[in-house]
Amino acid sequence: QVQFVESGGGLVQPGGSLSLSCAAPGFDGDYYAIGWFRQAPGKERERVSCIGHSSSSTYYADSVKGRFTISRVNGRSTVYLQMSSLKPEDTAVYYCAANPMRSVCGDNHQIHEYSYWGQGTQVTVSS
């Protein structure tokens, strides 16, 4: 069963940086859009960022624009999320998943379109 594995989470002070990565060994997801999501306690899961088959296609939620950068390495189905200027409200479990229905990113993606969810990695922003 294909499943992404996320890593890189941890505890960081406000204003700090973290770099997350996710990979799915043996999975050929090069033509799928891949997204990063997060879920804070008591809140719904939200899409944070997305990168398409071509890395020129990207999406960022308004809350992270200018602070987060998504990238991918095709051939290994590996996606990275570089997070900077972190805020306490960025605290959440971060997940990645692939969208087999789309190869480009956009505002109209629905969470139910995404598959191959990982177990997530915890990001805590606190002083």
Side-chain angles (χ1 to χ4, degrees):
Q1 181 176 355
V2 175
Q3 187 176 43
F4 279 95
V5 178
E6 301 92 345
S7 62
L11 173 64
V12 64
Q13 292 187 342
S17 300
L18 277 177
S19 182
L20 306 183
S21 64
C22 77
F27 174 58
D28 183 6
D30 286 357
Y31 291 93
Y32 298 165
I34 296 178
W36 278 99
F37 299 77
R38 67 186 181 188
Q39 187 165 19
K43 294 188 176 182
E44 292 187 354
R45 189 169 298 188
E46 63 171 340
R47 188 168 61 130
V48 172
S49 184
C50 170
I51 188 165
H53 161 63
S54 168
S55 295
S56 62
S57 173
T58 58
Y59 162 90
Y60 296 95
D62 288 343
S63 58
V64 306
K65 278 181 182 176
R67 300 188 298 120
F68 289 11
T69 302
I70 192 170
S71 60
R72 71 186 291 168
V73 177
N74 284 338
R76 290 189 285 165
S77 293
T78 302
V79 177
Y80 303 94
L81 187 68
Q82 178 66 41
M83 307 185 296
S84 60
S85 302
L86 284 162
K87 306 174 182 180
E89 51 263 43
D90 294 318
T91 295
V93 178
Y94 284 71
Y95 304 87
C96 68
N99 189 333
M101 300 176 63
R102 303 180 190 266
S103 60
V104 296
C105 296
D107 293 343
N108 58 344
H109 285 208
Q110 303 297 316
I111 287 181
H112 68 78
E113 297 175 350
Y114 285 80
S115 301
Y116 316 116
W117 294 91
Q119 295 299 310
T121 185
Q122 175 70 47
V123 172
T124 303
V125 184
S126 175
S127 55

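We number each residue from 1, following the sequence as shown.
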List the atom of Ser63, the atom of Arg38, and the distance in Å for their closest heavy-atom pair.
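Minimum heavy-atom contact is OG-NH2, 3.4 Å.
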Side chain to side chain contact (heavy atoms under 4.5 Å, CB included) between Thr121 and Tyr94: does it pass, once the steps are laid out?
CA-CA 5 Å; Thr121 185; Tyr94 284 71; 4.2 Å; yes
Could you tell me whether the side chain of [Y] reaches within less than 4.5 Å of the side chain of [X], counting heavy atoms only?
| X | Y | value |
| --- | --- | --- |
| Ile111 | Trp117 | yes |
| Phe68 | Leu86 | yes |
| Pro14 | Pro88 | yes |

Would you say Tyr60 ends up clustered with Val125 if hydrophobic residues are merged whenever their side chains have heavy atoms under 4.5 Å apart, either directly or through other cluster members?
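They do share one cluster, since a chain of ILVMFWY contacts under 4.5 Å joins Val125 to Tyr60.
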Joint cluster assignment, Tyr59 & Tyr95, ILVMFWY side-chain distance < 4.5 Å:
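No, separate clusters.
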Using 30° and 60° as the class boundaries, would you call the ring planes of Phe4 and Phe27 parallel, tilted or perpendicular?
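Judged by the thresholds at 30° and 60°, the geometry between Phe4 and Phe27 is perpendicular.
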Do the rings of Tyr114 and Phe37 sit parallel, tilted or perpendicular, given the 30° and 60° boundaries?
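Taking Phe37 first and then Tyr114, their aromatic rings stand perpendicular (interplane angle over 60°).
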Keeping [X] on the side-chain end and [Y] on the backbone end, is there a donor-acceptor pair under 3.5 Å?
| X | Y | result |
| --- | --- | --- |
| His109 | Val104 | yes |
| Gln119 | Glu6 | no |
| Arg72 | Gly52 | yes |
| Thr78 | Ala23 | no |
| Arg67 | Ser85 | yes |

Among Thr69, Val79, Thr58, Ile70, which residue satisfies the side-chain contact (heavy atoms from CB on, under 4.5 Å) criterion with Ser49?
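Of Thr69, Val79, Thr58, Ile70, side-chain contact (heavy atoms from CB on, under 4.5 Å) with Ser49 is met by Ile70 alone.
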Step by step, work out the side chain to side chain donor-acceptor pair (under 3.5 Å) result for Ser54 and Ser56.
CA-CA 5 Å; Ser54 168; Ser56 62; 2.8 Å; yes
From CA spacing to verdict: side chain to side chain contact (heavy atoms under 4.5 Å, CB included), Ile51, Trp36
CA-CA 9 Å; Ile51 188 165; Trp36 278 99; over 6 Å; no
For Glu44, look at atom CD and say whether over 12 heavy atoms of other residues, nucleotides or ligands are found less than 6.0 Å away.
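Not more than 12 within 6.0 Å, no.
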Using 4.0 Å as the upper bound for N to carboxylate O, is an ion pair formed by Asp90 and Lys87?
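Looking at Lys87 and Asp90, the cut-off is not met.
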CA sep, side-chain torsions, deciding dist, call: Asn74, His53, side chain to side chain contact (heavy atoms under 4.5 Å, CB included):
CA-CA 8 Å; Asn74 284 338; His53 161 63; 4.1 Å; yes
